[in-house]
Amino acid sequence: MEQPKLTVREVPQSVVEHLSSQGLHPLLARLMAARGVRDTKEIQTDWQAMINPANMSQLDQAALALAQAIESGKKLLVVADYDCDGATACAVALRGLRALGAQVDYLVPNRFETGYGLSPEVVALALEHHAGKPDLIITVDNGIASVAGVNAARDHGIDVIVTDHHLPGDELPRALAIVNPNQPGCGFPSKNLAGVGVMFYVLMALRALMRQRGHFEAGREPRLDGLVDLVALGTVADVVKLDANNRLLVARGLQRIRQAQMQPGLQALFAVSGRDAAQASAFDLGFTIGPRINAAGRLTDMSLGIECLSTDDPNHALELARELDQINQARRQIETTMREQAMASLPEVSAQAQQAALCVWQTHWHQGVVGLVASRLKEKFWRPVVALAPADDGTWRGSGRSIPDVHLRDVFDLVAKRHPGLVLKFGGHAMAAGLTLSGDGLETFASALSAAVVELSGRSHFSPTIETDGSLPSGWANVQTANLLQQQVWGAGFPAPLFMDEFAVQSQRIVGSKHLKLSLMRDRQRFDAIWFNHEEPLPERICAVYRPTPNTWQSSVTLQLIIETAQAC
């Protein structure tokens with residue numbers, strides 16, 4: 001990949017002064033202002049600041065249907081998705097609904113057998129469920145596209161409530177209620193809730209309605225804030241935009257995790273991953289805990305992840321967490337092999353070298369890991385990438401990752417319209433989407449993918465840009481600042497700070513066979529630094545983009561700079 005262009009975020013000084021006058025740390029005031037925050041009200045984490053459910057379309061209908069089902073003793077079945085958002089949404093639904101008195105169990109589709117969402121095949125499984133035929137199905141993190149599945153459920157006398165956050169298609173399912181902030185006509189101001197966040201709102205509305213109906217004895221109303229650790233995990237892991245409402249949910253969840261007030265499964269996952277829950281950050285949720293949950297859905301069955309997050313038995317939770325950790329290690333090995341094979345195959349697809357998108361496939365690849373391969377290649381070549389693996393039915397299952405300039409789901413839609421019969425089905429978001437191709441359409445798709453990217457973006461070449469927060473003043477370049485930054489909620493749409501400064505390289509050496517360990521000097525201040533997965537030596541003076549982080553070693557906490565990129569000055 002070519003050297004990225006380095007830019008500095010614009011900082012409205014009047015806003016910085018306003019935020020500082022409200023008591024915000026001067027550095028945080030600068031960082032928040034650069035990310036669009038205009039008042040400290042936008043970064044409040046009190047529950048009172050959370051968006052009221054009132055504007056969520058069809059939330060009242062969903063709450064009423066659930067309340068009546070609970071009061072009638074009906075059997076409820078949660079149908080989940082097989083990623084971390086789906087697993088956490090399912091665990092939140094199970095815990096919350098049971099606390100409210102429901103008879104509820106769950107079913108999660110198998111990625112390799114029934115595919116995504118509430119399909120007619122999943123309805124058939126629901127009819128044979130060990131808990132018995134359900135009276136009501138609640139989808140979590142899926143369902144907005146399940147037109148045929150909802151119809152199949154209705155044909156068997158099963159009502160359906162859809163809770164989802166994905167973008168709808170041209171036709172909506174005929175469900176009892178659809179709770180999705182992204183459906184047409186929904187006035188909920190945040191369109192960025194994850195699937196677990198939507199389910200959390202459903203539970204809040206349900207409890208409020210049951211309170212009105214006199215369901216609870218005095219002092220016996222169940223609390224729901226104990227579920228927010230799972231809400232935080234699913235929100236971060238699904239890489240939804242961290243707007244003010246999502247940041248509040250994540251902040252509240254992290255607070256409970258740091259105070260050891262979390263579900264046994266989450267506590268066990270922190271333990272097996274070697275992370276200190278007392279210092280938990282959004283980074284831990286997204287890059288340490290989330291992948292261990294996701295690994296189950298990628299390689300085996302997400303039921304393992306759901307069980308881990310929904311059990312109250314700490315010993316059982318630890319057993320499940322260890323198993324998830326082992327699956328994640330296997331996932332890493334498979335991903336490494338596939339990535340190396342993808343890189344080795346690139347000369348064979350040299351015709352794509354100058355195209356606007358990249359498409360790779362192998363007949364022996366694992367369906368559950370192609371998305372990770374696409375992500376790695378996207379970062380390396382900075383263009384949309386689709387990786388595909390064969391399915392048992394003769395089709396190809398693909399997963400794509402994109403760059404900010406290209407809306408991938410719209411690209412898939414255009415390819416499907418330009419080449420009828422090529423794309424059998426597709427779905428997803430702007431930055432990540434999946435699809436199924438006909439068995440003989442790989443070469444055609446590779447060409448059509450690139451053409452669609454050019455048509456929609458107007459460009460055939462994309463240059464990466466790294467936005468930074470400029471220089472970190474020497475007086476703030478310390479472990480106290482690193483700790484302060486770590487306590488904040490950063491993520492998608494609200495990126496963690498990256499600073500850019502000039503350094504003299506005093507020493508450099510390779511550690512762990514592939515990481516560059518550095519000793520840097522700036523303004524007579526020495527810094528320990530590391531550049532992960534980088535082995536090339538650096539010149540004597542560099543312009544480095546970095547993250548200041550606290551580094552704990554033998555009970556001592558020091559400042560360490562994590563290098564993102566560096567260039568000769």
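Side chains are part of it too, since the values below use all heavy atoms of this structure and drop only hydrogens, waters and symmetry mates.
Within the model, atoms CG of Asn180 and CG of Leu59 stand 12.0 Å from one another, a figure rounded to the nearest 0.5 Å. The CG atom of Leu320 lies 11.0 Å from the OG atom of Ser303; values are rounded to the nearest 0.5 Å.
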Pair up each side-chain donor or acceptor in residues 156-165 with any protein partner under 3.5 Å, not counting sequence neighbours, and list the distances.
| from | atom 1 | to | atom 2 | distance (Å) |
| --- | --- | --- | --- | --- |
| His156 | ND1 | Ala152 | O | 3.0 |
| Thr163 | OG1 | Thr139 | O | 2.5 |
| Asp164 | OD1 | Asn142 | N | 3.3 |
| Asp164 | OD1 | His166 | N | 3.3 |
| Asp164 | OD1 | His166 | ND1 | 2.7 |
| Asp164 | OD2 | Gly143 | N | 3.3 |
| Asp164 | OD2 | Ile144 | N | 3.0 |
| His165 | ND1 | Leu193 | O | 3.1 |
| His165 | NE2 | Asp85 | OD2 | 3.3 |
| His165 | NE2 | Asp141 | OD1 | 3.0 |
| His165 | NE2 | Asp238 | OD2 | 3.3 |

Do any side-chain atoms of residues 414-421 form donor-acceptor pairs under 3.5 angstrom with protein atoms, and if so which ones, sequence neighbours left out?
| from | atom 1 | to | atom 2 | distance (Å) |
| --- | --- | --- | --- | --- |
| Lys417 | NZ | Asp413 | OD2 | 3.2 |
| Arg418 | NH2 | Glu455 | OE1 | 3.4 |
| Arg418 | NH2 | Glu455 | OE2 | 2.4 |

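The two atoms that bring Cys84 and Leu233 nearest to each other are SG-CG, 3.9 Å, heavy atoms only. Of all non-hydrogen atoms in Ala232 and Gly253, the two that sit nearest each other are CB-CA, 3.8 Å. Nearest approach of Ala126 to Ile137, heavy atoms of both residues: CB-CD1, 4.3 Å. Between Trp396 and Gly439, the closest heavy-atom pair is NE1-O, 3.4 Å. Shown here for Gly368 and Phe112, the closest heavy-atom pair between the two residues is N-CE2, 3.7 Å. Here the shortest heavy-atom pairing between Met343 and Leu377 reads SD-CD2, 3.5 Å.
In this structure, the side chain of Ser402 engages the main chain of Val406 through a donor-acceptor pair within 3.5 Å. The main-chain N or O of Gln333 is found under 3.5 Å from a side-chain atom of Thr337 such that the two form a donor-acceptor pair. Side-chain N or O atoms of Arg154 include one that pairs as donor or acceptor with a backbone N or O of Arg174 at under 3.5 Å. Panel note: side chain Asn246, backbone Lys241; a donor-acceptor pair is recorded below 3.5 Å. A donor-acceptor contact shorter than 3.5 Å links the side chain of Arg95 to the backbone of Leu309. A donor-acceptor pair is defined here as one N or O able to donate and one able to accept, closer than 3.5 Å; such a pair exists between the side chain of Ser273 and the backbone of Phe270. In terms of modelled atom types and a separation under 3.5 Å, the side chain of Arg111 and the main chain of Tyr116 share no donor-acceptor contact. Judged by distance alone, the side chain of Lys75 and the main-chain N or O of Ala131 form a donor-acceptor pair under 3.5 Å. Side chain of Arg339 to main chain of Val373: no donor-acceptor pair is present (N/O by atom type, distance under 3.5 Å, no hydrogens or angles). Judged purely by atom type and a 3.5 angstrom limit, Asn245 has no side-chain atom pairing as donor or acceptor with the backbone of Met50.
Here Tyr106 and His129 keep their ring centres 6.0 angstrom or further from each other.
Contact check on Asp325 versus Arg292 returns a salt bridge, with a Lys/Arg side-chain nitrogen under 4.0 Å from an Asp/Glu carboxylate oxygen. Classification of Arg459 and Asp405 as a salt-bridged pair holds, one side-chain N sitting under 4.0 Å from a carboxylate O. Salt-bridge formation is not detected for the pair Glu379/Arg401: no Lys NZ or Arg NE/NH1/NH2 atom is positioned less than 4.0 Å from an Asp or Glu carboxylate oxygen.
The number of heavy-atom neighbours closer than 6.0 Å to CZ of Phe287, taken from other residues, nucleotides and ligands shown, is 12 or below.
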Run the salt bridge (charged side-chain N to carboxylate O under 4.0 Å, His left out) check on Arg256 and Asp229 step by step: do they pass? CA-CA 6 Å; Arg256 293 191 68 89; Asp229 57 338; 5.6 Å; no
Does the pair Arg213 and Glu71 meet the rule for a salt bridge (charged side-chain N to carboxylate O under 4.0 Å, His left out), with working shown? CA-CA 10 Å; Arg213 294 164 73 95; Glu71 291 167 357; 2.8 Å; yes
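No hydrogens or angles considered: a donor-acceptor pair under 3.5 Å links the side chains of Ser190 and Asp243. No donor-acceptor contact under 3.5 angstrom links the side chains of Glu307 and His316, judged on distance only.
Both tests do not hold together for Arg409 against Phe426: distance to the six-membered ring centre under 6.0 Å, angle to the ring axis within 45°.
Considering only heavy atoms from C-beta on, Val123 comes within 4.5 Å of Leu118 through its side chain.
Taking Asp393 as the reference, Arg397 meet the salt bridge (Lys or Arg N to Asp or Glu O under 4.0 Å) condition, with sequence neighbours excluded.
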